[in-house]
Number of protein chains: 2
Amino acid sequence: MPCAAMRVMPKTAAPLYEQIRQLIVAALAAGEWRPGDALPSEAALAQRFGASPGTVRRALDELTAEHLVERRQGSGTFVSTHSAPRQQFRFLRLVADDEARGFTRELLGCRRMRAVAAVARALGIRTSEPVIEVRRMLHRRGRPVVLEEMWLPERHFEGLSAEVITAHAGTLYALFESRFGVHMVRAEEKLRAVAATPDAAALLQVAPGEPLLSVERLAFTYGDRPVELRRGLYYTNSDHYRNELN
Amino acid sequence: MPCAAMRVMPKTAAPLYEQIRQLIVAALAAGEWRPGDALPSEAALAQRFGASPGTVRRALDELTAEHLVERRQGSGTFVSTHSAPRQQFRFLRLVADDEARGFTRELLGCRRMRAVAAVARALGIRTSEPVIEVRRMLHRRGRPVVLEEMWLPERHFEGLSAEVITAHAGTLYALFESRFGVHMVRAEEKLRAVAATPDAAALLQVAPGEPLLSVERLAFTYGDRPVELRRGLYYTNSDHYRNELN
DNA sequence: CAGTGGTCTAGACCACCAT
DNA sequence: TGGTGGTCTAGACCACTGC
């Protein structure tokens, strides 16, 4: 009985809507519903968790704000997916000065290696644990604008290879989600201005020493577990990184 | 009677909680409650707007998410103020690599001038309308790390001068709020990597051509009216711009 | 037309704050 | 102790979707 339970709850306990939110996140992490799937209706969830519809609604509202689920009136509540067109550029803030957002992708390499200390620390794994390194470039109007490399713990991305990436048409995050069940929820980025190294300069077709925007990203999946470290170099001559401060 | 009104409302009308939210924003813009003031209680607002407490609560929840108001249990709902310690670094994302956030301020200049085309366009004013230009630097541990200049429409900042700025102890946004009644609500930033010009290099004590993070900010007050254009150059050798992607 | 989420109301009870 | 916001419930009605 929810009412009786409430009266007994110690004050350290989180509110019921927050507990329900966490239970739903756990179910998402466990794969009970996959990206794109519909969740049970509010009424069904209310029954399942022994709470009133209003309380479940509040939990779902929070999950909507975090972009974990999407609600469509008349249709249902769905698990967010990076395959959706709206999610296309959710994590890529580089925009052309004329507002264009499209890129073409070029894979430079994909190899298995052992995590160096900095990568292991960021990903919360042991040093020398196997990771997969992916390097690629993004082009806009035929010109390279982004050079990036990323490291992924092999235990979450077993079988990731150049062939798998090349065969896939959408974004990397859509691939990670459909092929490996790893859905990216949020990310933290650190930005700096750096000088292009000779190698980077050659690939990006700029002069060595040219200022580039360095973007280091740590991405998290359900339950705030870090699963990707990425380092990008953005050529910001006719593009800029857009941010919104609230 | 709210119920009767609802039934007649055309489908183009916003929901009641959104209308109430807008009415509260309008009252804030009109200065009915100043930053730091308490708003009337939920019950009082419900009476004033002829809605149920739950609907008013929803409007206040949205305003809380936008950081327009702050709610304190047992105490009341208060207008957000940049004087609050928590707001100190809300718009300044430059963090030392060791997490330090404090700066000391050095005013370089403050003068009245006519808006050039780019400034006027961003601020939504006529070209050659009077604006106030402020230039300053921020230091961390005695080293200059930020060089910035900003332009403010004079009609909103009448009387702003070097003396006024120097006499004030807190952040510029706290000054703008207390002295001119202009409260900054949100901002849009465009980031790029650029090479230090000789002038900027001399001020920031770096070599000419050194990569710097260029941050162009347009800040808005209540009702999404732009009231400040700012351009900063950040030296990101031992600092980085931190961002969170959701 | 049945089922879903979206809005709005009404009221109970709790936790917290100021006095 | 009185007033404030925080949580939770219950139910009515509307708007939208998809069959």
Side-chain angles (χ1 to χ4, degrees), chain A residues 1-24 33 36-65 67-80 84, chain B residues 1-24 33 36-65 67-80 84:
Chain A
M1 224 151 300
C3 285
M6 272 164 45
R7 279 162 226 254
V8 185
M9 269 205 290
K11 46 167 94 172
T12 56
L16 185 51
Y17 68 83
E18 172 59 21
Q19 296 179 39
I20 292 174
R21 188 195 138 273
Q22 289 172 13
L23 288 171
I24 295 175
W33 311 295
D37 285 358
L39 268 67
S41 72
E42 292 181 0
L45 288 171
Q47 182 124 31
R48 164 162 168 176
F49 295 119
S52 89
T55 303
V56 168
R57 162 169 286 275
R58 169 124 188 214
L60 291 174
D61 282 345
E62 312 251 334
L63 292 170
T64 303
H67 300 111
L68 287 189
V69 304
E70 240 176 65
R71 320 193 74 187
R72 295 180 217 140
Q73 180 174 140
S75 168
T77 304
F78 299 82
V79 183
S80 288
Chain B
M1 224 149 301
C3 285
M6 272 164 44
R7 281 163 225 253
V8 185
M9 270 204 288
K11 46 166 96 174
T12 56
L16 185 50
Y17 68 83
E18 172 60 21
Q19 296 179 40
I20 292 175
R21 188 195 138 273
Q22 288 172 14
L23 287 171
I24 295 175
W33 312 295
D37 285 358
L39 269 67
S41 73
E42 292 181 359
L45 288 171
Q47 182 124 31
R48 164 163 168 177
F49 296 119
S52 87
T55 303
V56 168
R57 162 169 286 274
R58 168 125 189 212
L60 291 174
D61 283 345
E62 311 253 332
L63 293 171
T64 303
H67 300 110
L68 287 188
V69 304
E70 241 176 63
R71 321 193 73 185
R72 294 179 219 143
Q73 182 174 154
S75 169
T77 304
F78 300 82
V79 183
S80 289

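Below, chains carry the letters A, B, ... as their sequence lines are ordered, and counting in each starts from 1.
Between Arg58(B) and dC8(C) there is no side-chain N or O to OP1 or OP2 distance below 4.0 Å. For Tyr17(A) and dT7(D), the shortest distance from a side-chain N or O to OP1 or OP2 is below 4.0 Å. Between Arg57(B) and dG5(D) there is no side-chain N or O to OP1 or OP2 distance below 4.0 Å.
dT4(D) atom P lies 12 Å from atom CD of Gln47(B), rounded to whole Å. Rounded to an integer number of Å, the gap from CD of Gln19(A) to C1' of dC8(D) is 13 Å. For the pair Glu70(A) CD and dT17(D) C1', the computed distance is 15 Å after rounding to whole Å. Atoms CD1 (Ile20(A)) and P (dT9(D)) sit 7 Å apart, rounded to a whole Å. dT7(D) atom P lies 11 Å from atom CG of Leu16(A), rounded to whole Å. Between the CD atom of Glu62(B) and the P atom of dC8(C) there is a distance of 11 Å, rounded to whole Å. Whole-Å rounding puts the Glu42(B) CD to dG11(C) C1' distance at 14 Å. Rounded to a whole Å, the CG atom of Leu60(B) is 16 Å from the C1' atom of dC8(C).
Closest to the side chain of Ser52(B), from the set dC8(C), dT9(D), dT7(D), is dC8(C).
Judged by closest nucleotide on DNA chain D, Ala43(B) is the one of Val56(A) and Ala43(B) placed further toward the 5' end.
A heavy-atom distance below 4.5 Å is not found between the side chains of Glu42(A) and Gln47(A).
Side-chain atoms of Glu70(A) never come within 3.5 Å of backbone atoms of Thr77(A) as a donor-acceptor pair (strictly under, hydrogens ignored). Looking only at distances, no side-chain donor or acceptor of Thr55(A) sits under 3.5 Å from a matching main-chain atom of Ala51(A).
No option in Ile24(B), Leu45(B), Asp61(B) other than Leu45(B) meets the side-chain contact (heavy atoms from CB on, under 4.5 Å) test with Val56(B).
In this structure, the side chain to side chain contact (heavy atoms under 4.5 Å, CB included) partners of Arg58(B), at least two apart in sequence or on a different chain, are Tyr17(B), Glu62(B). Applying the side chain to side chain contact (heavy atoms under 4.5 Å, CB included) criterion to Ala84(B), with sequence neighbours excluded, gives Thr81(B), Gln87(B).
Note that the OG atom of Ser52(A) and the CG atom of Leu16(A) stand 8.0 Å from one another [nearest 0.5 Å].
Contacts of residues 71-80 of chain A with DNA chain C (heavy atom under 4.0 Å): Arg71(A), Arg72(A), Gln73(A), Gly74(A), Gly76(A), Thr77(A).
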